[in-house]
A.B. asks: 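Dropping the structure in here first, questions after.
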Number of protein chains: 2
Amino acid sequence: MPTGPSRRHPTLDEVAQHAGVSRSVASRALNNAPHVSRAKREAVQRAVRLLGYVPHPTARALATRQTGAAALVVSGEDPSIFADPFFTEVIVGASAALEEADLHLMLCLAASDRGRKRVEELMRRRGADGVMLMALREDDPLARLAEEADMPVVFGGRPIGPAPRHYVDVDNTGGAREATEYLLAHGRRRVATLCGRLDTEAGRARLRGYRDAMLSAGLEPLPPQEGDFTEPSGAAGMAALLSRHADLDAVFAANDNMAAGALRTLRAAGRTVPDDIAVAGFDDLTVARIADPPLTTVHQPVRALGQETARMLLTLINGQDPTPLILPTRLIVRASA
Amino acid sequence: MPTGPSRRHPTLDEVAQHAGVSRSVASRALNNAPHVSRAKREAVQRAVRLLGYVPHPTARALATRQTGAAALVVSGEDPSIFADPFFTEVIVGASAALEEADLHLMLCLAASDRGRKRVEELMRRRGADGVMLMALREDDPLARLAEEADMPVVFGGRPIGPAPRHYVDVDNTGGAREATEYLLAHGRRRVATLCGRLDTEAGRARLRGYRDAMLSAGLEPLPPQEGDFTEPSGAAGMAALLSRHADLDAVFAANDNMAAGALRTLRAAGRTVPDDIAVAGFDDLTVARIADPPLTTVHQPVRALGQETARMLLTLINGQDPTPLILPTRLIVRASA
DNA sequence: CCCGACCTTGGGAGCGCTCCCATTTGGAAG
DNA sequence: CTTCCAAATGGGAGCGCTCCCAAGGTCGGG
């Protein structure tokens with residue numbers, strides 16, 4: 001019955017001693033580096049198994065100056081921003097990509113002052129090997145931090161302003177345009193938009209897409225009704241829209257949550273969808289399929305967004321210089337439009 | 001314009017030198033430990049500010065044998081399990097609690113073999129100061145790992161089998177019983193259940209609650225229709241239930257996703273809710289509110305679950321010995337029942 | 001005025017690993 | 001049987017921090 005801390009956690013020295021080799025050789029064998037004879041390599045492996053040796057990650061990190069972790073930072077003034085199924089999908093994708101490189105995922109919700117301060121420290125002191133930044137808003141302090149940080153940074157979704165050096169984004173404008181065009185192509189003329197937060201690039205880009213489509217069809221875009229990507233804001237926005245334009249025949253919402261909210265308001269107002277009024281959303285997450293009627297929506301590859309963002313970070317960590325990536329969207333037609 | 005790595009990342013030695021004190025004093029001043037004169041303490045603070053010093057987390061970790069991070073491990077054979085809004089809420093809660101203790105959150109999806117192996121290493125070698133384990137299934141290998149690990153472990157939701165030493169859970173049985181009782185109290189008699197995965201304790205516990213309520217009312221519980229907590233499984237399960245028992249007048253679903261699926265099937269089958277058949281769910285996440293009709297459901301404090309799990313882990317890390325915690329649920333009555 | 005008692009101080013030994021480099025070893029080539 | 005080169009080896013110096021401990025200072029009380 002082994003006891004004592006040294007017994008529970010053998011060090012590399014003990015392994016080396018046990019295998020009758022030096023620490024250097026043991027280290028090389030462990031990282032299967034060259035310059036180790038077959039015999040000693042096997043002796044080390046035996047000792048490792050026998051002692052149940054597991055390398056100490058922190059010690060390794062200190063010596064190599066690599067932490068073995070990447071951070072996913074989600075900005076926002078309220079942690080509820082994160083409570084969107086969108087992020088779980090992103091995380092699943094990022095996690096999968098990181099796993100291949102054997103990096104751990106640190107999740108930082110930069111929602112409070114304290115949270116932001118911790119992210120700042122992280123970036124100032126290389127608390128991670130790289131950082132993925134998401135959901136930045138206008139004048140987000142994280143943007144400046146990212147520039148000053150001497151560590152790999154990739155943006156998941158462009159921030160407002162000049163495009164950063166490294167980012168992965170989705171074709172927000174194209175998707176929104178396609179959805180709006182679809183509405184127009186099916187005879188709708190009084191098309192409004194429930195746009196998303198205009199202090200985010202995604203919100204603005206989708207609004208641009210809507211406007212582009214309207215103008216191309218020779219129609220005057222209606223003034224957008226701004227929401228914050230949540231269901232209640234969609235419901236409230238739809239009510240506002242209805243009172244302003246009683247004769248609407250279609251609405252493009254900046255995401256599925258808001259579209260679902262719109263549906264709820266329309267139902268309460270006695271309007272039928274899509275007969276009286278068509279509704280289209282954006283995201284194609286679960287909610288789009290379970291809405292009644294199921295939502296016609298712009299599918300965006302959310303999991304791939306996470307995965308590609310992580311991959312780009314990995315190539316950056318790897319010393320290469322990837323180019324930005326824009327992922328395509330596609331319209332999914334269901335019953336709501 | 002400072003250049004060179006040493007310039008960018010001053011060490012404690014440099015700070016000490018700058019402040020005209022020893023490294024020890026600088027260290028003490030930094031961690032505001034006692035035995036430092038006011039004058040030197042201030043000198044150190046000045047030097048810190050001047051040089052833009054940020055302590056090196058890894059070095060500190062190696063010296064203190066604490067990593068400054070806690071891991072949240074989500075088990076499951078498929079990463080899609082994680083793609084449930086439930087987890088984002090848990091994370092928001094856990095993140096908030098951890099933030100207060102200035103611990104980082106590492107997220108581990110133990111969905112692949114590789115992922116599980118990494119978790120194993122993490123636990124074997126104290127790659128974190130503590131671990132929160134969630135969504136364990138029957139005979140989950142993580143359970144054994146947790147016992148062997150010599151690090152603080154808290155379960156978020158009990159695993160199947162003997163209760164672990166430290167856990168936070170929700171009153172699943174009580175909530176399910178209450179929901180079923182509500183259905184019965186409103187005149188429903190042919191009440192079925194769309195139960196969740198029976199290889200999870202939550203799935204079993206909610207089934208028990210349903211059965212308890214039925215038996216207490218002198219009714220024979222109907223054989224449960226098992227799903228996997230997803231919307232499609234709810235839709236398919238509802239179809240199966242309908243073909244087996246055409247005369248159902250109520251369904252209790254083990255979570256909101258499945259209830260939403262049931263709603264979809266019922267709608268397609270031309271049954272009206274709640275007139276023909278009442279539906280109740282469990283969770284009270286966003287989907288419950290946006291379903292049509294809005295779901296009567298058992299509210300569980302998901303964010304608090306995350307928060308309390310993290311808090312319990314913190315007290316454990318702190319050397320204390322907390323007792324298990326069961327959080328209450330409450331029925332939220334909406335239009336579906 | 002002297003002597004403990006206590007607060008300060010800084011030296012130094014790690015924490016466990018990686019990696020450079022000098023040294024030894026084993027052969028292949030001449 | 002030398003000569004040399006490459007592979008193999010292990011010693012040792014860090015990585016940047018914490019913390020123990022011995023040494024020096026300051027003060028109050030006897």
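Just so we're on the same page: letters track the sequence lines, and every chain starts at 1. No hydrogens, no waters, no symmetry mates; every other heavy atom, side chains included, goes into these values.
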A.B. asks: Using a 4.0 Å heavy-atom cut-off, does B:Pro55 contact any base of the nucleic acid, only the sugar-phosphate backbone, or nothing at all?
C.D. replies: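 Sugar-phosphate: the residue B:Pro55, judged by heavy atoms under 4.0 Å, touches backbone atoms but no base.
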A.B. asks: Counting just side-chain N and O atoms, does A:Ser37 come under 4.0 Å of either OP1 or OP2 of D:dT9?
C.D. replies: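 Yes, within the criterion.
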A.B. asks: Expressed in angstrom and rounded to an integer, what is the separation of B:Leu62 atom CG from D:dC15 atom C1'?
C.D. replies: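 One finds 9 Å between C1' of D:dC15 and CG of B:Leu62, rounded.
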A.B. asks: Write down the distance between CG (A:Asp13) and P (C:dC15), rounded to a whole number of angstrom.
C.D. replies: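 One finds 10 Å between P of C:dC15 and CG of A:Asp13, rounded.
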A.B. asks: Return the value, rounded to whole Å, for the distance between atom CD of A:Gln66 and atom P of C:dT18.
C.D. replies: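 Roughly 12 Å, once rounded to whole Å.
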A.B. asks: What's the separation between atom NE2 in B:His35 and atom CZ in B:Arg41, rounded to the nearest 0.5 Å?
C.D. replies: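 Atom-to-atom, B:His35:NE2 and B:Arg41:CZ are 10.5 Å apart.
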A.B. asks: Can you find a heavy atom in the side chain of B:Val131 that is under 4.5 Å from one in the side chain of B:Val154?
C.D. replies: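 With C-beta onward as the side chain, the pair stays apart.
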A.B. asks: Checking B:Arg158 side chain against B:Tyr167 main chain: does a donor-acceptor pair fall under 3.5 Å?
C.D. replies: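 Flag not set: sc B:Arg158 to bb B:Tyr167 has no pair under 3.5 Å.
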A.B. asks: Kindly say if A:Lys40 contacts the phosphate of D:dT9, meaning a side-chain N or O under 4.0 Å from OP1 or OP2.
C.D. replies: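 Affirmative; the distance criterion is met.
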A.B. asks: Report the nucleotide, chosen from C:dT18, C:dT9, D:dG16, that has the shortest atom-to-atom distance to any side-chain atom of A:Arg60.
C.D. replies: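 Of the options given, the side chain of A:Arg60 lies nearest C:dT18.
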A.B. asks: Starting at atom CG of B:Leu12, determine the distance to atom P of D:dT18, rounded to an integer number of angstrom.
C.D. replies: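 One finds 6 Å between P of D:dT18 and CG of B:Leu12, rounded.
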A.B. asks: With a non-hydrogen cut-off below 4.0 angstrom, is B:His35 in contact with a base, only sugar-phosphate, or nothing?
C.D. replies: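 Base, at least one base atom sits under 4.0 Å.
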A.B. asks: Rounding to an integer number of Å, can you tell me how far A:His56 NE2 sits from C:dC15 P?
C.D. replies: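 Rounded to whole Å, this separation is 11 Å.
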A.B. asks: Mind checking whether B:Thr309 and B:Met312 have side chains closer than 4.5 Å, heavy atoms only?
C.D. replies: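 No. Closest side-chain heavy atoms not under 4.5 Å.
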A.B. asks: Scan side-chain atoms only and decide if B:His9 and A:Arg125 contain a donor-acceptor pair under the 3.5 Å cut-off.
C.D. replies: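 A:Arg125 and B:His9 do have a side-chain donor-acceptor pair below 3.5 Å.
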A.B. asks: Rounded to whole Å, please give me the gap between CZ in B:Arg65 and P in C:dG14.
C.D. replies: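 Taking CZ of B:Arg65 and P of C:dG14, I get 14 Å after rounding.
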A.B. asks: Between C1' on D:dG10 and CD on A:Gln17, what's the gap in Å once rounded to a whole number?
C.D. replies: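 That distance rounds to 14 Å.
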A.B. asks: With nearest nucleotide decided by heavy atoms, which residue, B:Arg125 or B:Gly20, maps closer to the 5′ end of DNA chain C?
C.D. replies: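 Nearer the 5' end of the strand: B:Gly20.
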A.B. asks: Taking NZ, NE, NH1 and NH2 as the nitrogens, is one of them in A:Glu148 or A:Arg144 under 4.0 Å from a carboxylate oxygen of the other?
C.D. replies: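 A:Arg144 and A:Glu148: salt-bridged.
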A.B. asks: Can you check the A:Arg126 CZ to D:dG16 P distance for me, whole Å?
C.D. replies: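 These atoms are roughly 12 Å apart.
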A.B. asks: State whether the side chain of B:Arg126 and the backbone N or O of B:Asp150 hold a donor-acceptor pair below 3.5 Å, judged by distance alone.
C.D. replies: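 Yes, B:Arg126 side chain to B:Asp150 backbone: donor-acceptor pair under 3.5 Å.
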A.B. asks: Base, backbone or nothing for each nucleotide of nucleotides 19-26 of chain D, written B, S, -, heavy atoms under 4.0 angstrom, 5' to 3'?
C.D. replies: BB------
